[in-house]
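Here it is, the structure, as structure tokens.
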Amino acid sequence: MKSVRTVQGLRAVLGGARRDDRAIGLVATMGALHEGHLSLIRHARRQCDVVVVSLFVNPAQFNERADLERYPRDELRDSELAEDAGADVLFAPSVAEVYPAGFATTVEVLGLSERLEGAARGAEHFRGVATIVTKLLCMALPDVAYFGQKDAQQVLLIRRLTTDLNLPVRIETRPTVREPDGLAMSSRNALLGAAERERALALPRALQAACELADSGERSTAALLAAARAEMERLSVSAEYLALVDPETLEPLERLDGEALLAVAARVGEVRLIDNTILTPDVGSAPDPQNQGKVLSTCSV
Ligand code: PAF
């Protein structure tokens, strides 16, 4: 695996592949790689000739300084994991390389950015995400870029911006990867103490409670959210938001009459976690192959 730190270096290592029309895949990360990232890299490996993993803790998308400062960083570990999973190129630029003096351009996806995570974290979060993802796509010019469904709103935004800006890339979303007990994999999980790790199960359990109720025929959003919230209260976790929304527009839904996104965010101690699932009321109870049917078995997580 080659490691490069500059855009020029990245273009140089990818030049041959581009000239030979070989498929380039990009997995954008902020490091602290876990099985969720590694499954994206392995999938990119299966589909593409050249796999680029970017590793950049993007200061522009952190709305809290403390969150940025405690974000886990271990480049050596990340580069070994990325290589083992099949990456050909690790692109790990400095902040000055990405945001040189005089940097003044941002990308903002109106509407979608203002809901859920945007409402909770402020406009700068998704402005930061949209700007860095646009830049990474322009730097690497991949044929395909891979993102996890755990950040469902982020994926919607990225799809929107690539369409709106006519970026020639296919965006592929992959299912959330979970721990055996259901907790969605996240770089922030490493920051949870033992007691908090237990309480963090409030999020997947809340989703599961709503799924089970939906399976029993309940269609009222209020009832589904109440069941989810009750599950969180058992572990003394309160939701920052818990919402059943249209999976494309993120508009709140009053009833579960078709496919819906159930999304939750909560702080467990100092650590802010998010999770979501898609409820598909008409498909019945198909076990989730990603999770061997162990968690959220009736949802298409
Ligand atoms: O999902 C993430 O890790 C980040 O938001 C991303 C897409 C790498 C942009 O910094």
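Heavy atoms only: backbone and side chains are in, while hydrogens, waters and symmetry mates are out. Indexing begins at 1, ligand by ligand and atom by atom, following the structure's order.
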Checklist line | Atoms of ligand 1, numbered as shown, that sit under 4.0 Å from any heavy atom of Gln154 | finding: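 Answer, ordered by atom number: 1 (O), 2 (C), 4 (C), 5 (O), 7 (C).
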Margin query: Could you tell me, atom by atom, which parts of ligand 1 come under 4.0 Å of a heavy atom of Gln61?
Written below: 4 (C), 5 (O), 9 (C), 10 (O)
Note to self: Suppose I only count heavy atoms of Ile132 and a 4.0 Å limit; which atoms of ligand 1 are within that range?
What the structure shows: 9 (C), 10 (O)
Checklist line | For atom 3 (O) of ligand 1, closest protein heavy-atom neighbour | finding: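 In this structure, atom 3 (O) of ligand 1 has Met30 CG, 3.8 Å as its nearest protein heavy atom.
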Check: His37 to ligand 1: N or O pair under 3.5 Å?
Finding: no
Next item on the list: Name all pairs fulfilling the salt bridge (charged side-chain N to carboxylate O under 4.0 Å, His left out) condition that reach into residues 89-111, sequence neighbours left out, sorted by first residue then second.
Entry: Glu108-Arg127
Notebook entry, point to check: Does Arg42 pair with Glu35 as a salt bridge, N-O distance under 4.0 Å?
Noted result: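 Yes, Arg42 and Glu35 are salt-bridged.
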Checklist line | Positive for side-chain contact (heavy atoms from CB on, under 4.5 Å) with Val129, one of Glu124, Glu117, Gln61, Gln153 | finding: Gln61
Note to self: Could you check whether Tyr71 and Asn58, counting side-chain N and O atoms only, form a donor-acceptor pair closer than 3.5 Å?
What the structure shows: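 Absent: no donor and acceptor within the cut-off.
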Checklist line | Proximity of Leu136 to ligand 1 by residue part, where a heavy atom lies under 4.0 Å | finding: neither
Margin query: Whether Arg115 and Asp246 form a salt bridge (side-chain N of Lys/Arg under 4.0 Å from carboxylate O of Asp/Glu) is what I want to check.
Written below: no
